[in-house]
Protein chains: 2
Amino acid sequence: MAKATAKRTLKWQRDPEGMRLRILEAAKQEFSAHGLAGARVDRIAAKAGANKRMLYYHVGNKDELYLAVLEGAYDKIRSEERGLDLEHLDPPEAIRRLIEFTWNYFLRNPEFLSLLQTENLARAKHLKRSTKVKSMHSPFVEMIRAVVRRGVESGDFQVAVDPVQLYISIAALSFFYLSNSATLGVIFGRDLLDQKAKDERLAHMVGLVLAALTGQSVALFETTKAPKSRAAVAQTV
Amino acid sequence: MAKATAKRTLKWQRDPEGMRLRILEAAKQEFSAHGLAGARVDRIAAKAGANKRMLYYHVGNKDELYLAVLEGAYDKIRSEERGLDLEHLDPPEAIRRLIEFTWNYFLRNPEFLSLLQTENLARAKHLKRSTKVKSMHSPFVEMIRAVVRRGVESGDFQVAVDPVQLYISIAALSFFYLSNSATLGVIFGRDLLDQKAKDERLAHMVGLVLAALTGQSVALFETTKAPKSRAAVAQTV
DNA sequence: ACAGTATTTATCCAACAGGTTAATTTCTCC
DNA sequence: GGAGAAATTAACCTGTTGGATAAATACTGT
């Protein structure tokens, strides 16, 4: 059976690159599900379909493994961020796109949220050691700076906001809602993650930020019926 | 030595209430510093100046200990929230006060942020079991509802926002900035927690939310020189 | 003063978890 | 076709950790 040239009873195959990827993927799942201290090296190995020894052979000890996962996560979001060009849009539309992208990225990558939470609980101990991540600047700050400038010049925006503050605020509105949806859900006694709730949240965030910038209340600020809900939240990249 | 009536060589004293409090305080520190899985029962005992057996005697096992800490944290913030009466203030001022309170509470109680993060990483597993917390509704939602209604009626606010969304947004703006200050600090290469940065952040948040509600850009929205910085962030409760 | 109970101390332990050592198998190049 | 290196497996080892057991000490009411 199997391929013609293959020897019959192969106990295992060599696949260093594939193995490394499977390890990192399994580690990402494990660390985001259980945090740093809660993660189990044995479970990562099992999930990767590998022997525990492989983790140390291909990546390193638990801490190095965790840092590698974290770096990978930052790498991924930065790479997607670069694909979002806001230059051609008029300023309010650009801000909307930015908010939608952030929201959808967090929705599509919940592990990213968990990893950031975990790293912040560790006071960024690992990130500080990472030379890689430090050099991976988010393009968003400069994008926002340019958009705000254009908006002020065109008269669309009434004030010049500090782009870093705005960046943090936009991230905050999505991040907190999603990362804390579990406790908030219990407190409010309702599911913050069903489609209706998510549509309303996105509308609220866009409305809040645009109203602040333009001075005119966006229709979406109030809870709308959100027609074509699916399309509205479609991936923006 | 010691009190007159006290027998001389007392090996230890009884103090069940005090012991329980010390245990919970030590546990709060430990859990907020290391998360659930990272917390060490032995360290909690040591910090409480107690024997490890005492934890199980007075509170329960690690999970029960953690839940007790969490419930205490919610109890504390809810109690402070109730002390904040916004009825007498005109609507924009009430919103400002709300934001300042939230910001300052988080600043004064960093363990609360950590505990929430930890609990959310656990998907609110413990909170769901807690009957106590579920009945501790935050008065803020109703406060906000009333303020928004008054603001719309008086013409101060241009739109009626969903109070739950606004509550979450206000919490988000402070929470994310503080809970993620470690990673954000590394990314931006600057300290987000020095006094100047904190003043600017508070001004930004107030400006953003009030501009959105009133349609008029608040002076503070831009980065101001923030005169009397200390007073501006004084405790609001 | 003393009996009974509440509180605290002093040890112990079995399971676990991260990491290591050593043997085994596959691949590559000549 | 086989020698040497790369990749993988299997077994093991040691410190830690949550939790339990048992003994000792302080307090309370009578």
Side-chain angles (χ1 to χ4, degrees), chain A residues 2-27 29-31 33-69 118 122 125-126, chain B residues 2-27 29-31 33-69 118 122 125-126:
Chain A
K3 287 277 188 72
T5 44
K7 246 202 222 155
R8 44 193 58 235
T9 26
L10 259 307
K11 291 195 175 171
W12 45 271
Q13 284 186 10
R14 283 190 176 187
D15 182 17
E17 295 91 356
M19 176 65 91
R20 190 186 151 87
L21 287 181
R22 273 181 295 138
I23 289 172
L24 288 177
E25 177 59 30
Q29 286 180 32
E30 177 72 12
F31 283 123
H34 302 283
L36 180 49
R40 292 293 164 255
V41 170
D42 295 88
R43 277 202 298 253
I44 294 175
K47 235 174 279 180
N51 186 287
K52 183 167 51 165
R53 180 68 179 78
M54 291 288 88
L55 312 191
Y56 296 89
Y57 184 77
H58 286 289
V59 187
N61 65 20
K62 195 181 181 183
D63 264 17
E64 295 174 286
L65 201 49
Y66 170 75
L67 181 55
V69 166
T118 295
K125 183 174 76 170
H126 312 84
Chain B
K3 286 274 188 72
T5 44
K7 246 199 228 163
R8 46 193 56 236
T9 26
L10 259 306
K11 291 197 175 172
W12 46 270
Q13 283 186 8
R14 282 190 175 187
D15 182 17
E17 295 90 357
M19 176 66 92
R20 190 186 151 87
L21 288 182
R22 274 181 294 138
I23 288 172
L24 288 177
E25 177 59 31
Q29 286 179 32
E30 177 72 11
F31 282 123
H34 302 284
L36 181 50
R40 291 293 165 256
V41 172
D42 296 88
R43 276 201 298 252
I44 295 175
K47 236 173 279 182
N51 188 286
K52 185 167 53 165
R53 179 68 179 79
M54 292 289 88
L55 313 191
Y56 297 90
Y57 183 76
H58 287 287
V59 188
N61 64 20
K62 194 181 181 182
D63 263 16
E64 295 173 286
L65 200 50
Y66 169 76
L67 180 56
V69 167
T118 296
K125 184 174 77 171
H126 313 84

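Bear in mind that the values here come from a model prediction, so they are computed numbers and not experimental data. Naming: A, B, ... by sequence-line order, numbering from 1 per chain.
- In this structure, the CG atom of A/Leu65 is 16 Å from the P atom of C/dA17, given to the nearest Å.
- For residues 45-61 of chain B, the salt bridge (Lys or Arg N to Asp or Glu O under 4.0 Å) pairs, not counting sequence neighbours, are B/Glu30-B/Lys47, B/Asp42-B/Lys52.
- More than 12 heavy atoms of other residues, nucleotides or ligands sit less than 6.0 Å from atom CD of A/Glu64.
- Between A/Leu65 and A/Tyr56 the shortest side-chain heavy-atom distance does not fall below 4.5 Å.
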Where do N or O atoms of nucleotides 17-21 of chain D meet protein N or O atoms at under 3.5 Å, pair by pair?
| unit_1 | atom_1 | unit_2 | atom_2 | d |
| --- | --- | --- | --- | --- |
| D/dT17 | OP1 | B/Arg40 | NE | 2.6 |
| D/dT17 | O5' | B/Arg40 | NE | 3.4 |
| D/dG18 | OP1 | B/Ala39 | O | 3.1 |
| D/dG18 | OP1 | B/Arg40 | NH1 | 3.1 |
| D/dG18 | OP1 | B/Lys62 | NZ | 3.2 |
| D/dG18 | OP2 | B/Val41 | N | 3.1 |
| D/dG18 | N7 | B/Lys52 | NZ | 3.2 |
| D/dG19 | OP2 | B/Tyr56 | OH | 3.0 |
| D/dG19 | OP2 | B/Lys62 | N | 3.1 |
| D/dG19 | N7 | B/Lys52 | NZ | 3.1 |
| D/dG19 | O6 | B/Lys52 | NZ | 2.5 |
| D/dT21 | O4 | B/Arg53 | NE | 3.4 |

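- Across the protein-nucleic acid pair, A/Lys11 atom NZ and D/dA7 atom C1' stand 15 Å apart, rounded to whole Å.
- In this structure, OH of A/Tyr57 is placed 17 Å from P of D/dA10, rounded to the nearest angstrom.
- In this structure, the side chains of B/Met54 and B/Arg20 stay at 4.5 Å or more apart for every pair of heavy atoms.
- In this entry the distance linking OH of A/Tyr66 with C1' of C/dG18 reads 18 Å, nearest Å.
- Closest approach to the A/Arg14 side chain among C/dT25, D/dA7, C/dT8 is made by D/dA7 (side chain taken as heavy atoms from C-beta onward).
- What separates CE of B/Met19 from C1' of C/dA6 is a distance of 13 Å, to the nearest Å.
- In this structure, the side chains of A/Phe31 and A/Leu36 come closer than 4.5 Å at one or more pairs of heavy atoms.
- Considering every non-hydrogen atom in both A/Ala27 and A/Val69, the closest pair reads CB-CG2, 3.6 Å.
- Not one side-chain nitrogen or oxygen of A/His58 sits closer than 4.0 Å to the OP1 or OP2 atom of D/dA6.
- Nucleotide C/dT28 holds its C1' atom 16 Å from the CD atom of A/Gln13, rounded to whole Å.
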